[in-house]
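Since the structure comes first, as structure tokens, the remarks are kept for the end.
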Amino acid sequence: MGVSRRDFIKLSGGTVLVASLGVNLDPAKAYAKDLRIKNAKQTTTVCPYCSVGCGILVHAENGKIINTEGDPDHPINEGALCAKGASVWQLANNETRVKKPMYREPGGTAWKEVEWDWALDRIAKLVKESRDKSFKTVSKHKVKEKLADGTEVEVEKDLVVNRTEGIAHVGSAALDNEECYILQKLIRSWGLVYVEHQARI
Amino acid sequence: MTNHWIDLKNSDVILAMGANPASNHPISMKWIMRAREKGAKLICVDPRFSQTAAKADLYAPIRSGTDIAFLGGMISYILTNDLYFKEYIVNYTNAAFLVNPDFKGPSDLDGLFSGYDADKRKYDKTTWTFQMDETGVPIKDLSLSNPNCVFQLLKKQYARYTPEKVSGITGTPLDKLLEVYKLYASTGTPDRAGTECYAMGWTQHTVGTQNVRAMSMIQLLLGNVGIAGGGINALRGESNVQGSTDYGILFHILPGYNPTPNASLVDLATYIEKTSPKTNEPKSVNWWAHRGKYITSYLKAIYGEAATKDNDFGYSWMPKIDVGMNASWLMLFDKMFQGQFDGFFAWGQNPACSGANANKTRTALGKLKWLVNVNLFDNETASFWRGPGVNAKDIQTEVFMLPCCSSMEKEGSITNSGRWGQWRYKAIEPLGESRPDAEIINDLFFKVRELYMKEGGAYPDPVVNLSWEYGEKDSSGKIKHLDPHAIAKEINGYYLEDVYDTKVDPPKLIGKKGDLVPSFVFLQMDGTTSSGNWLYCNSYIMKDGKPVNMMARRGKEDPTGLGLFSNWTWSWPVNRRIIYNRASVDPQGQPWDPKRPLMNWNATKLDAKSGKPGVWEGDVVDGGGGPAGTEKGKLPFIMKPDGVASIFGPGLAEGPFPEHYEALECPLETNSMSKQRINPTIKIFNDQADAFYSCDLRFPYVGTTYRVSEHWQTGVMTRHCSWLLEMQPQNFVEMSVELGKELGIANGETVIVSSGRGEVKAVALVSERFKPFKVENTTVHQVGLPWHYGWQFPEDGSGYDSVNLLTPNVGDANTMIPESKAFMVNVRKA
């Protein structure tokens, strides 16, 4: 009988283990009890790097991630991870993460920390200004029209486009699907058509 | 991927060409190696002896940018030696279709197809059509002998691709070339499966789309599409680049691959009429005929109750592109460079390092009035104003760096390369004041909408009418925290009214108002259903009266042993694990390969719903109806109007069959296949910032880019991880021992690599993994660099800068993906 480390930990919670294996694993049980994840909350995640979609177990205690490891139940990676997946712990425990919004004024030579509300109010104002200024209601197109006698002529016509030409967006293949959906919903409601992301490069 | 990761284990021959899975998708090797344990062979075709090559049974080197020559030679080999799967191509592809007699190909027109306009660099495709019978269905010659049939035209074009000629172009030794052809073509029998893995190694070329097409044609000739262990598998580079593409964060598509409306599609009826393909083929499912249901349900999802029949479901609120307008990446940055944009969002992306010709991108950023960068870390884009050679005081751009949180600090789904939508859970609260991207989007929605409600402004209708019902609201009406489940349910879609099947008398209730729609076959065109993305309709459904998140499932059953794992998370479409799966059976519905049955038609068993005999068993069948050979049966390629796969594909810009052209920057004066040196339909940017140097002594070596296992993309999410940075600390340039000797450069020396657009420092990695190519009797050297580094981190600059400072600003003629895999460089000592 093959026992993965996780099965082992699960099993080690009760006497079932001895019965099912027919051996005494008390010393190992004692070791498992001392594992640093014994009081941790376990959740599952999927690796944020490449597109294989490996499952990862995440152990958190006191609001901090204390362990990540390959999910042995996941049919794709069966508990294995590559160098990046195995390092995912460092994304959450990382001193170089930006922890507060930062702002750099025109001509400025340094970042300064700002409050979320200030930054988002300012961005909302800039979005509106740029949108209002660059909004294009119609665009000239050459279209074919049929005259009363049935002949076809090419005429220039204003066609409705209702778009914002002064704002562009790139990203993001790093967002969750639900976020991608509301993101494209939002920026298209502002009229953006220059909308691109990682799939194009 | 037409198939999925685990399915690699079902292959007999795996071709890794245009990809390096061992380095870039390491866990995929688990399944490739499992196939090998059962006797499968792994072939690696790569300019460099990559980590995948090290595990391969057969390795063949290839000069970057010559894949179509290589694959065209394979097509010729398959046809000449009668190794194709005849029953498959006659029944399931357009091989037997008769083409317009006025059509001419590269063998007639020296590298061009009929209809070329050199001034416009564009084809008139009038002759790229089929001969139709009186019912409007293409005329076929099932014997495949008519000189105008697709099969014969294919033979004619690729007869020029002799092994000797191909070897002369690609630099692949003749014996290796023939070994690859022989081994891969062995999968053309019904009892063998061959699969292909590609990635950016194929797409980042001016002929990228045609690279993929050439291989798709081979897979069809060998009967390898739709079967377990087969398919065309794009190994996508990011954890959710599949999902974010499915969700239409691209200029040309809305969620679910519905085209972005253009100005000529003046109302919803016109949009539906012009974008829904028609067919007279009675056996074609022609799935896109349902477009109207999907676009209407999308409009109902995004505008909610504001979208009514009377206002065309809000269609006029959608922004429209001009007819023929291209707003893709290279065009976007060209417009930015010209100063068109005031504002710019770089959301979870680092264009200052990730796009081709990074110097142009970085200059373009300085022309913005404002820039919003959303990321976990500061990066070269957010900090462009303090980058190398930039005087911050001269840059008038207002810059915001908004910290989002990591994937373990929020909840939601992502879709892997195998189309599995998988749910992730929140483990901890966001670090510091960082926020889930969804919360940032939520705030921006409410703040901008509030301004329009208060002040008015340009066309406020789409802003104020957007539906946004994702959780509990505060006293001002703002949603406090977004509920990802509420969004996922909106994406799946709801019945907005009681929906009846009116074809039966009395009308029968299909769905109850307020319930989640169980699958996209129930979506309606009259506004009675919503679905934010029809492809994901079935991902969140009702079971026993309760909503069930299919993407969170963890069932491990695998009854067929094929590794479909149909109860583990969820796969689009409708949990189908292998698409075009009805091509895995013969026209009577029986598996081509009884040892590897993906599904079969049980002609005697009674269908539970209709009570009539005939049901599909196995994987979720692609489209409805019985097998193609039965009365009222359906053809397998359900997304194609003809119902069959297109060996002759008139949709692409440069021709219905792929033809070899050299990269824009290449070491050869001429293309020995024809007088057309480069793809005749690519867009050439004529700015000084976009300089190109082909056959120029200043840049004598072919350059290419790639990734290493320890880093990811521009390195923002890996350079900041100390373990990973320690393993791969800085930029390197890999070159052959012969080139190192020629340049007097030793392993470990610091060098400068330059192109017509910029230069970058790198450590010389002189290795046996590159060998000089013998091309047209001359020696061609190639070098390669990873593209993970940037000046901003590590802060001491020890990683050096981005290799995209070197890459050219030119794109594929169809997708505009930049040619980052083949360009010309020089290397000198630093």
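To find a chain, count down the sequence lines: A is the first, B the second, and so on, and within it residues start at 1.
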May I ask you to decide if [Y]'s main-chain N or O and [X]'s side chain share a donor-acceptor pair within less than 3.5 Å?
{"X": "B:Trp712", "Y": "A:Tyr49", "result": "yes"}
{"X": "A:Gln198", "Y": "B:Glu238", "result": "no"}
{"X": "A:Glu105", "Y": "B:Glu398", "result": "no"}

Original post:
Between B:Lys335 and A:Tyr194, is NZ or CZ placed under 6.0 angstrom from the six-membered ring centre and within 45° of the ring axis?
Top reply: no
Any ion pair linking [Y] and [X] (charged N to carboxylate O, less than 4.0 Å)?
{"X": "A:Lys99", "Y": "B:Glu433", "answer": "no"}
{"X": "B:Lys369", "Y": "A:Glu129", "answer": "no"}
{"X": "A:Glu78", "Y": "B:Lys30", "answer": "yes"}
{"X": "A:Asp117", "Y": "B:Lys447", "answer": "yes"}
{"X": "B:Asp342", "Y": "A:Arg131", "answer": "no"}
{"X": "B:Glu455", "Y": "A:Lys125", "answer": "no"}
{"X": "B:Lys410", "Y": "A:Glu178", "answer": "no"}

**OP:** Go through B:Val372, B:Asp443, B:Val323, B:Val266 and name the one with the most non-hydrogen pairs under 4.5 angstrom from chain A.
**Re:** B:Val323
Under 4.5 Å from any heavy atom of chain B - which part of [X]:
{"X": "A:Lys128", "value": "both"}
{"X": "A:Thr45", "value": "both"}
{"X": "A:Val88", "value": "both"}

Is any side-chain heavy atom of [X] less than 4.5 Å from a side-chain heavy atom of [Y]?
{"X": "A:Pro75", "Y": "B:Trp420", "result": "yes"}
{"X": "A:Leu186", "Y": "B:Leu444", "result": "yes"}
{"X": "A:Val46", "Y": "B:Asn416", "result": "no"}

Subject >> Heavy-atom proximity to chain A below 4.5 Å, by part of B:Tyr303 >> reply: neither
Original post:
Is it true that the side chains of A:Arg163 and B:Tyr459 contain a donor and an acceptor less than 3.5 Å apart?
Top reply: no
Original post:
Just one of A:Tyr103, A:Trp116, A:Trp111 clears the ring pair (Phe, Tyr, Trp, His ring centres under 6.0 Å) bar with B:Phe400, so which one?
Top reply: A:Tyr103
**OP:** Test ring-ring contact (aromatic ring centres under 6.0 Å, His included) on A:His74 and B:Trp568 and set out the steps.
**Re:** CA-CA 9 Å; A:His74 199 287; B:Trp568 183 273; 4.9 Å; yes
